[in-house]
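When a residue number appears, it is its place in the shown sequence, counting from 1.
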Amino acid sequence: MRTKIVAGNWKMNLDYFEGLNLFNEIVTLIKQEVTGKQEAIICSPYIHLHALANLVIDTEKVSVGAQNAHHAEAGAFTGEISAKMIHSVGAEYVILGHSERRQYFAEDGALLTKKVDIALAHHLTPIYCIGETLKERESHKHFDVIKKQLVESVFHLSAADFSKLILAYEPVWAIGTGVTASADQAQEIHAFIRKEIAAKYGKAVADGITILYGGSCNPKNAHELFAKHDIDGGLIGGASLKARDFVDILKAFN
Ligand code: PEP
């Protein structure tokens, strides 16, 4: 049985107090309403991480993650935050390869390889994002793009390290647009990802890895998406900023 996960990506939203309030609301609803084995991860801005990590020590259902980490161990990188620092405050996850980082911060495969390695070295679980643009889908390159993103940044890992990852398929055209991939479109790519993993690492590794769908996922469409065989949950942007919506998505597993 793969772990079922809904991860929230707050992006650059919420000041410190707004973040604490939202997190408290989410944790309260989860404690009251979520009876299954699914888990929530909240990926907040760095400023919230320490406080949030301290608020979840009494529940195994909620964990905390960062949205980025620098690729170096330490040093003269003014304004940056290292994987070691993130882990030291109690965060367990880090989103890497999000399309907004690839697009606005020119993060490429080589850089992301270093980020994946250093995150694992500091006991952070990368939530590694992959996905094609609309242009790439329209020119039927989406399978090639997905494979390239896997090969260049995570297929160098040993099977043991690869098995620690969470993957997130996020078609760029569906992020923050209100346009969701249909459940069939998402399932097709998730099955393709699992097939590529099986070819590289074997069926057991492929069957064990959690693959999330991200892109305008909401309480209305989550159920149909999560019912698909190869979709193990969601990476949620906009809807993670509303406690009710986020927890309803978390409850959308069969
Ligand atoms: C995201 O940013 O990872 C995301 C999926 O955003 P949204 O849910 O808003 O499309």
Side-chain angles (χ1 to χ4, degrees), residues 1-14 19-20 22-31 33-34 36-69 81 83 85-101 115-116 119-120 122-130 163-170 175 208-215 217-219 222 225-226 231-253:
M1 236 327 236
R2 292 189 286 270
T3 314
K4 305 292 180 190
I5 291 172
V6 175
N9 174 12
W10 286 359
K11 310 194 186 191
M12 195 175 73
N13 291 299
L14 309 173
L20 253 56
L22 174 60
F23 191 78
N24 276 321
E25 268 184 76
I26 290 172
V27 172
T28 303
L29 287 175
I30 289 175
K31 284 182 177 167
E33 300 179 10
V34 178
K37 286 209 166 87
Q38 63 268 55
E39 294 172 19
I41 302 169
I42 298 296
C43 296
S44 73
Y46 294 127
I47 59 149
H48 301 100
L49 286 177
H50 184 233
L52 302 193
N54 279 327
L55 287 171
V56 292
I57 39 189
D58 64 334
T59 168
E60 290 183 353
K61 282 190 176 300
V62 190
S63 309
V64 172
Q67 300 168 20
N68 180 34
I81 303 278
M85 292 171 186
I86 293 166
H87 186 256
S88 74
V89 297
E92 295 172 68
Y93 297 88
V94 60
I95 297 173
L96 294 176
H98 192 282
S99 64
E100 287 154 15
R101 303 254 2 138
K115 291 192 177 208
V116 166
L120 286 168
H122 288 288
H123 313 290
L124 291 173
T125 298
I127 302 173
Y128 179 66
C129 303
I130 54 184
S163 303
K164 293 175 189 162
L165 302 180
I166 295 171
L167 298 179
Y169 168 58
E170 298 209 303
I175 296 178
I209 195 149
T210 294
I211 308 178
L212 309 179
Y213 166 79
C217 186
N218 60 47
L225 285 160
F226 297 177
I231 301 179
D232 305 310
L235 178 54
I236 317 298
S240 72
L241 295 170
K242 293 186 190 133
R244 184 69 270 164
D245 285 359
F246 183 73
V247 176
D248 281 348
I249 296 171
L250 186 62
K251 288 160 67 182
F253 294 97

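A heavy-atom distance below 4.5 Å is found between the side chains of Pro45 and Gln67. Taking the side chain as every heavy atom from C-beta outward, Ile175 and His98 approach each other to under 4.5 Å. Between Val62 and Phe23, some side-chain heavy-atom pair lies under the 4.5 Å cut-off. For the pair Ile41 and Ile166, the minimum side-chain heavy-atom distance is below 4.5 Å. Put simply, the side chain of Phe246 does not reach to within 4.5 Å of the side chain of Leu29, judged on heavy atoms. The closest side-chain heavy-atom distance from Ile209 to Ser163 is not below 4.5 Å. Looking at heavy atoms from C-beta onward, Lys115 lies in side-chain contact with Asn68 at the 4.5 angstrom threshold.
Applying the ring pair (Phe, Tyr, Trp, His ring centres under 6.0 Å) criterion to His48, with sequence neighbours excluded, gives Trp10. By the ring pair (Phe, Tyr, Trp, His ring centres under 6.0 Å) test, Phe253 pairs with Phe226, sequence neighbours left out. With sequence neighbours excluded, the residues that form a ring pair (Phe, Tyr, Trp, His ring centres under 6.0 Å) with Tyr169 are His190. Residues forming a salt bridge (charged side-chain N to carboxylate O under 4.0 Å, His left out) with Lys61 (at least two apart in sequence, or on another chain): none. Qualifying side-chain contact (heavy atoms from CB on, under 4.5 Å) partners for Asn13, counting only residues two or more places apart in sequence or in other chains: Lys11, Leu241. Every residue meeting the salt bridge (charged side-chain N to carboxylate O under 4.0 Å, His left out) condition with Glu33, not counting sequence neighbours, appears here in chain and number order: Arg244, Lys251. With sequence neighbours excluded, the residues satisfying side-chain contact (heavy atoms from CB on, under 4.5 Å) with His122 are Glu73, Ala83, Lys84, Ile118. Applying the side-chain hydrogen bond (donor to acceptor under 3.5 Å, both in side chains) rule to Arg2 yields the partners Asp232; only residues at least two apart in sequence or on another chain are considered. Evaluation of the side-chain contact (heavy atoms from CB on, under 4.5 Å) rule for Lys37 yields no partner, not counting sequence neighbours. Here Asn54 pairs with His50 under the side-chain hydrogen bond (donor to acceptor under 3.5 Å, both in side chains) rule; sequence neighbours left out. With sequence neighbours left out, Lys242 forms a side-chain contact (heavy atoms from CB on, under 4.5 Å) with Asp245.
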- Given Gln38 and Val6, is the side chain to side chain contact (heavy atoms under 4.5 Å, CB included) satisfied, shown in steps? CA-CA 8 Å; Gln38 63 268 55; Val6 175; over 6 Å; no
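Annotation for Leu212 and Thr210: closest pair CD2-CG2, 3.7 Å, computed over non-hydrogen atoms. Contact between Leu235 and Ala168 at its shortest, heavy atoms only, is CD2-CB, 4.0 Å. The nearest pair of heavy atoms linking Cys217 to Leu225 is SG-CD1, 4.1 Å.
Distance check: Ile47 CD1 to Leu52 CG gives 9.0 Å after rounding to the nearest 0.5 Å. One finds the OG atom of Ser240 at 8.0 Å from the CD1 atom of Ile249 (value rounded to the nearest 0.5 Å). In this structure, the separation between CD1 on Ile231 and NZ on Lys4 is 9.5 Å, given to the nearest 0.5 Å. Here the CG-CD1 distance, from Leu165 to Ile211, works out to 10.5 Å after rounding to the nearest 0.5 Å.
Not one N or O on the side chain of Tyr93 forms a donor-acceptor pair closer than 3.5 Å with the backbone of Ile95. Not one N or O on the side chain of Tyr213 forms a donor-acceptor pair closer than 3.5 Å with the backbone of Ala222.
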Can I get a per-line list of side-chain donor-acceptor pairs under 3.5 Å for residues 123-130, giving both atom names and the distance, sequence neighbours left out?
{"from": "Tyr128", "atom 1": "OH", "to": "Arg102", "atom 2": "NH2", "distance (Å)": "3.0"}
{"from": "Tyr128", "atom 1": "OH", "to": "Gln149", "atom 2": "O", "distance (Å)": "2.7"}
{"from": "Tyr128", "atom 1": "OH", "to": "Ser153", "atom 2": "OG", "distance (Å)": "3.4"}

